[in-house]
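What follows is a single structure, written as structure tokens, with notes after it.
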Amino acid sequence: MNSHQSRLSYALMSARLRAEHHMKRSEKAGFTWGEETITELVLVGASPAVATYPFTRREEGGDEGTGADWLWWWIDPDGTSFGMLVQAKRLKKKNKQGVWNIDFEYKSGAQRQRLFTTAKKLGVAAAYVLYFGSTDYTSDIEPPEDDPHYGHWNPDAAARNRCRECRRKTIAYLPAHVTLSSNLSADAPRAYRDSVPLEDLAHKQTEFKAPLVIPTVRDKLSAKLEAFIDHQQQGAKHVAHTFLAQVLNHRMGQSTLSVAERVETVPDNQITDAPFFEEWPDDRDHSGQQYFSAVLRGLRKAPPRYVLNLVYGETPYLPNDLGLNEEELKGIAGMVVIRL
């Protein structure tokens with residue numbers, strides 16, 4: 001890990017600790033901490049390693065003012081970039097039926113559908129950042145038995161407080177795509193198991209394990225994409241690889257579906273220009289989504305011009321010519337740029 005990666009990793013850790021401190025104090029005082037507050041604490045706490053650009057055109061109030069999405073771009077020195085539209089969700093305490101909940105189905109799924117529609121128009125991946133709360137808050141939640149940290153969950157939370165990954169998962173992320181074909185709203189412990197600590201995106205895994213790929217899907221991979229999947233990546237490619245690995249692991253449980261023969265080509269337009277991969281298998285999961293496209297459209301050889309314009313102060317908002325309507329534009333609170 002180079003010095004810049006170390007600073008970024010430390011910044012994300014510091015931001016998580018600041019947010020966790022607020023969660024604990026709020027829980028102790030009997031307050032409910034909210035997604036917007038935690039998001040601000042994370043983004044401010046990670047500055048200046050993580051640059052934040054709130055959009056000046058965003059209007060306060062209304063449904064768009066709650067849980068607004070942030071457009072994240074991870075950018076390497078050579079320009080390789082990975083973009084994702086991120087929506088924050090918090091773990092909610094057990095209801096009367098004893099079920100923990102993450103409200104992916106808010107407003108009958110309309111909010112999630114907006115996330116997917118907007119991400120597709122922008123040519124980026126869709127993701128959730130999940131706020132699980134402190135280890136005290138989740139003291140009586142129990143993950144699935146196949147979770148490697150299953151034995152860390154007990155009423156006194158001592159084992160989790162000793163486990164660095166359990167602590168890092170206070171703030172984690174999950175590809176929004178996997179929530180379409182899984183009832184993760186009512187299975188919050190499984191969402192916890194499948195999520196990845198946000199801090200882990202800042203550096204390579206110490207022990208790399210390539211994701212499994214369904215054989216009929218692997219047969220349709222280009223040599224470039226197969227090498228990408230099977231080998232450890234760095235920087236923006238590492239973020240994209242981690243994202244894709246989660247989706248591929250999820251897809252392995254749906255191996256009964258057939259795989260289309262044709263290969264999907266990335267359309268050549270102003271949003272999806274400079275794609276890192278120009279083709280991938282046209283495989284669809286149980287929700288009917290082309291999951292390769294849903295992830296890899298966000299990986300570029302260079303960031304879109306609107307990212308550079310915002311970073312260099314030319315436009316303090318997302319331009320109107322990106323195919324978004326006014327509601328979608330107002331639903332994006334700003335952009336986060338992470339230089340790797």
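Any value given below was found using the heavy atoms of this structure, including those in side chains, with hydrogens, waters and symmetry copies removed.
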Rounded to the nearest 0.5 Å, how far does [atom2] of [Y] lie from [atom1] of [X]?
| X | Y | atom1 | atom2 | value |
| --- | --- | --- | --- | --- |
| His238 | His241 | NE2 | NE2 | 9.5 Å |
| Tyr53 | Thr315 | OH | OG1 | 11.0 Å |
| Arg300 | Phe276 | CZ | CZ | 13.0 Å |
| Trp33 | Leu41 | CH2 | CG | 11.5 Å |
| Leu322 | Thr118 | CG | OG1 | 11.5 Å |
| Leu130 | Thr170 | CG | OG1 | 12.0 Å |

Is the closest side-chain donor-acceptor distance between [X] and [Y] under 3.5 Å?
| X | Y | result |
| --- | --- | --- |
| Gln113 | Thr117 | yes |
| Ser222 | Glu279 | no |
| Gln246 | Asp194 | no |

Verify same cluster id: [X], [Y] (apolar side-chain graph, 4.5 Å):
| X | Y | answer |
| --- | --- | --- |
| Val44 | Phe55 | no |
| Leu91 | Phe31 | no |
| Leu244 | Met252 | yes |

Test: Lys330 and Glu326 ion pair at under 4.0 Å: no
N-O pairing of Arg305 and Asp321 below 4.0 Å: no
Lys237 charged N/C atom sitting above Phe228 aromatic ring, 6.0 Å / 45°: no
Sequence-distant partners of Trp73, side chain to side chain donor-acceptor pair (under 3.5 Å), two or more places apart: Tyr306
Answer yes if the ring centres of [X] and [Y] are under 6.0 angstrom apart, and no otherwise.
| X | Y | result |
| --- | --- | --- |
| Tyr131 | His22 | no |
| Phe277 | Phe292 | no |
| Phe243 | Tyr173 | yes |

So which atom in [X] and which in [Y] form the shortest heavy-atom distance, rounded to 0.1 Å?
| X | Y | value |
| --- | --- | --- |
| Arg112 | Phe104 | CB-O, 3.7 Å |
| Leu299 | Ala236 | CD1-O, 4.2 Å |
| Ala127 | Met84 | CB-SD, 4.4 Å |
| Val42 | Ala15 | O-CB, 3.3 Å |
| Gly235 | Asp76 | CA-OD1, 3.4 Å |

Any side-chain heavy-atom pair from [X] and [Y] closer than 4.5 angstrom?
| X | Y | answer |
| --- | --- | --- |
| Leu329 | Tyr317 | no |
| Trp70 | Leu43 | yes |
| Val239 | Ile338 | no |
| Ile75 | Val307 | yes |

Whether Phe132 and Tyr192 hold their rings parallel, tilted or perpendicular, with breakpoints at 30° and 60°: perpendicular
Trace of the side-chain contact (heavy atoms from CB on, under 4.5 Å) decision for Lys24 with His21: CA-CA 5 Å; Lys24 285 184 175 181; His21 179 68; 5.8 Å; no
Verdict with reasoning, Arg114 to Glu328, per salt bridge (charged side-chain N to carboxylate O under 4.0 Å, His left out): CA-CA 7 Å; Arg114 188 187 70 185; Glu328 290 162 343; over 6 Å; no
Contacts of type ring pair (Phe, Tyr, Trp, His ring centres under 6.0 Å), residue Phe116, not counting sequence neighbours: none
Derivation of the side-chain contact (heavy atoms from CB on, under 4.5 Å) call for Tyr10 and Ser14: CA-CA 6 Å; Tyr10 179 79; Ser14 298; 3.4 Å; yes
